[in-house]
There are 2 protein chains.
Amino acid sequence: MIGLFRLVESPVNQTDILQALIAKNLVSDPNGARGRLLKEAARLFRDKGYERTTVRDLAAAVGIQSGSLFHHFRTKEEILKAVMVETIRLNTALMQAAADAAHSARQKLRALVRAELESINGQTGEAMAVLVFEWRSLSDTSQAEVLELREIYEGLWINVLKSLQDEGALAADPFVVRRMLTGALSWTVTWYKPERGGLTLDGLTDEVMAMMALKND
Amino acid sequence: MIGLFRLVESPVNQTDILQALIAKNLVSDPNGARGRLLKEAARLFRDKGYERTTVRDLAAAVGIQSGSLFHHFRTKEEILKAVMVETIRLNTALMQAAADAAHSARQKLRALVRAELESINGQTGEAMAVLVFEWRSLSDTSQAEVLELREIYEGLWINVLKSLQDEGALAADPFVVRRMLTGALSWTVTWYKPERGGLTLDGLTDEVMAMMALKND
DNA sequence: GTCTATAGATGGATAGAC
DNA sequence: GTCTATCCATCTATAGAC
C-alpha cells in the first residue's frame, strides 16, 4: 500500500520528470532548436573533446552555418556550460526520484548507483562524460556556478551514505566512498558496452554493490 | 628471513628502479633536457589540457624558444606520446616491484593499490592524470602503441585479482573490479590533497581496502 | 533566424643564421 | 642546439544583407 501511495506522490517516470523540467524552463526541449544543438554538442564534445570541436562542427551537426550559432549562444563556452547545467539539473531530479522510490538506505544506495550508471551509459551519457572530462575547459566563473548545482546532486549521495554509516553498515568514510564511486561509475563510460558483452545495467549494478563492503548482508 | 632475502633479490627502492630504466634508455633522465621537458609537459597538459597548451608554453617552461622544441620532437603530439609511454614504463616497473615484495594475494592487492595511489598523487601524478584525461588527444596509431604497454601493466592487476578470486575472497568479476579501481583511484587526483586533510596515503589505501568486500577478513 | 564574408587572433611547424 | 622570423592554416566571433 505504501508503495502505491508513493508512486502517486512522486512519479519516477523519467519522461514525466523531463517534461516537468522543460515546463519550468530548467532544461531545453530536446525537440527544439536549442535542445537539439545541446544534444549534438554533448556528443561532439565527448567524442573529440571541447577544444577540438569547432563552432563549424557544431553548426554542421544541426545543419546551419557557423555564424548562425551566435544568434543562440554568445560564445562557444556558453554552449559547454549549458550542456553541463542542464545535465546536472535533469540528473538531480532523476536521482532524487530514484532515491525516493526506495525504502531502505541500502535500497536507496542501489537505486542511486543504478540511476547514475544509467545516466552515464544511457541517453545522457555523452553529457555526463563531458561533465567529467571537459571540466577544465570551463572558465573559473562558470565552474563556480556549475559547482553550486553539483553540490545539491552530491548531497543526495552523502545523505544516503551517512544513513548507512549510522546503521553500522558502512565501514569507510561517506565522503571518501562517494568520491570513489564517482570515479568508478564515471569510468564505466570508457569500457562498458552493453551491446557487446552479456553484462546488463542491472548486472553491472550488482557487481558494484557486491564490490562494496556493506556489512550484515 | 624470507623478507630479507627478497629485499636483496628484488630491490623495491624506487630510485634504483628509475636508474635501471634510465640505463636501459626506457625512460629519460629527469635531469636531462628531454626529461625536464617531459616533466614540464606533463604538468602543463594536466593543468591546462593538451589542446590548450601551446608549443610556446612548453618551450617557455624549459626556457627555450618554440622553434627549438622541434629539434627534440618532430610534432607536439610526439611529446604527449612520450609522456604517456615513459609513465607507463616506469609505473609498470614500480608496480611489479611492489607486488613482488608482498607475500599473500591480499597483501599484493594492497601493495598495488598503495603504489598506484602513490603514482597518481605523488611525483608521477601529473603524467598519470594526462594518461587518463588526454587519451583522446592521442592519434589512433599512437593509442594502439601505448595500449600495448598498458596491457602489461593491467596484467599485473588481473593476476592478483584472479588469485583472490581463486581463494574465494573476491565475489565480483576481476576485470570489472580492476576497471572500477582504475576509475576510483584515478579520480583521487581531482580531490585528494594530502597536505590539507588528515588523510595520509596509507590511510587512503585503508579506506579503499575497507570499501572492497574481501571475504574472510 | 539564417546566410555570406571576413575581421582579427593564434596555433603548429619550417628555414636558415649563428 | 638555440635563435629569429615567418609561413600558412585554422579558429572564434562579428557585420550586415535577406
Side-chain angles (χ1 to χ4, degrees), chain A residues 25 28-84 130 133-143, chain B residues 25 28-84 130 133-143:
Chain A
N25 249 331
S28 307
D29 188 335
N31 299 320
R34 182 186 160 96
R36 270 184 294 118
L37 174 75
L38 292 181
K39 177 81 183 161
E40 292 297 322
R43 189 180 55 81
L44 284 164
F45 291 164
R46 185 201 58 177
D47 290 346
K48 310 175 55 169
Y50 171 76
E51 297 292 343
R52 294 172 89 94
T53 303
T54 69
V55 292
R56 290 176 180 84
D57 292 333
L58 293 167
V62 292
I64 59 177
Q65 294 299 311
S66 68
S68 308
L69 263 190
F70 294 89
H71 177 77
H72 302 280
F73 296 89
R74 280 183 313 179
T75 64
K76 180 186 168 190
E77 197 220 339
E78 202 173 85
I79 299 176
L80 177 62
K81 184 175 151 189
V83 167
M84 293 186 173
V130 170
F133 287 99
E134 304 301 333
W135 182 250
R136 280 171 317 181
S137 296
L138 214 58
S139 69
D140 288 346
T141 52
S142 295
Q143 278 190 11
Chain B
N25 251 331
S28 307
D29 187 334
N31 299 321
R34 182 185 160 97
R36 269 185 293 119
L37 174 75
L38 292 181
K39 177 81 183 162
E40 291 298 322
R43 189 180 55 81
L44 285 164
F45 290 164
R46 186 201 57 176
D47 290 346
K48 311 174 56 168
Y50 171 78
E51 297 291 343
R52 293 171 90 95
T53 303
T54 69
V55 292
R56 289 173 180 81
D57 292 332
L58 293 168
V62 291
I64 59 177
Q65 295 299 311
S66 68
S68 308
L69 264 190
F70 294 90
H71 178 75
H72 301 280
F73 296 90
R74 281 184 313 181
T75 64
K76 181 186 168 190
E77 197 221 339
E78 202 174 84
I79 299 175
L80 176 63
K81 185 176 151 190
V83 167
M84 294 186 173
V130 170
F133 287 100
E134 303 301 334
W135 182 250
R136 279 173 318 182
S137 296
L138 214 58
S139 69
D140 288 346
T141 51
S142 294
Q143 278 191 12

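Keep in mind that the numbers below use all heavy atoms, side chains included, and drop hydrogens, waters and symmetry copies. In what follows, chains carry the letters A, B, and so on, assigned in the order in which the sequence lines appear, proteins first and then strands, with residues in each chain numbered from 1.
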Quick one: side-chain contact (heavy atoms from CB on, under 4.5 Å) partners of B/K81, sequence neighbours excluded?
B/V85, B/L138, B/S142, B/E145, B/V146

Side chains of A/R34 and A/S28: is there a donor and an acceptor less than 3.5 Å apart?
yes

Between the axis at one end of the helix from C/dG1-D/dC18 to C/dC18-D/dG1 and the axis at the other (five pairs apiece), what's the angle to 10 degrees?
0°

Below 4.5 Å, heavy atoms only, C-beta onward: do B/D57 and B/F45 meet side chain to side chain?
no

When you measure from the side chain of A/K76 to the backbone of A/T53, do you find a donor-acceptor pair of N or O atoms at a distance under 3.5 Å?
yes

From CZ of B/R56 over to C1' of D/dA5, roughly how many Å is that when rounded to an integer?
11 Å

Contact list for DNA chain C against residues 71-81 of chain A - heavy-atom distance below 4.0 Å:
A/H71, A/H72

Residues in salt bridge (Lys or Arg N to Asp or Glu O under 4.0 Å) with A/E78, at least two apart?
A/R74

Do the non-hydrogen side-chain atoms of B/F73 and B/L38 ever get within less than 4.5 Å of each other?
yes

CD1 on A/I79 to CZ on A/F70, rounded to 0.5 Å:
7.0 Å

Heavy atoms, side chains only, cut-off 4.5 Å: are B/P30 and B/R36 in contact?
no

Salt-bridge contact A/E134-B/R136 (side-chain N to carboxylate O under 4.0 Å):
yes

Boundaries of the DNA chain C segment in contact with chain A, non-hydrogen, under 4.0 Å:
C/dG1 to C/dT4

With side-chain contact (heavy atoms from CB on, under 4.5 Å) as the test, would you mind laying out the steps for B/V130 and B/W135 before giving the verdict?
CA-CA 7 Å; B/V130 170; B/W135 182 250; over 6 Å; no

If you define the side chain from C-beta out and look only at heavy atoms, does anything of B/L69 sit under 4.5 Å from B/L37?
yes

Those residues of residues 36-44 of chain B lying under 4.0 Å from DNA chain D by at least one heavy atom
none

OH on A/Y50 to CG on A/L44, rounded to 0.5 Å
13.0 Å

Return the 5'-most residue of the pair A/G67, A/D57 with respect to DNA chain D, ranking by each residue's nearest nucleotide.
A/D57

Is the closest basic N to carboxylate O distance between B/E40 and B/R46 below 4.0 Å?
no

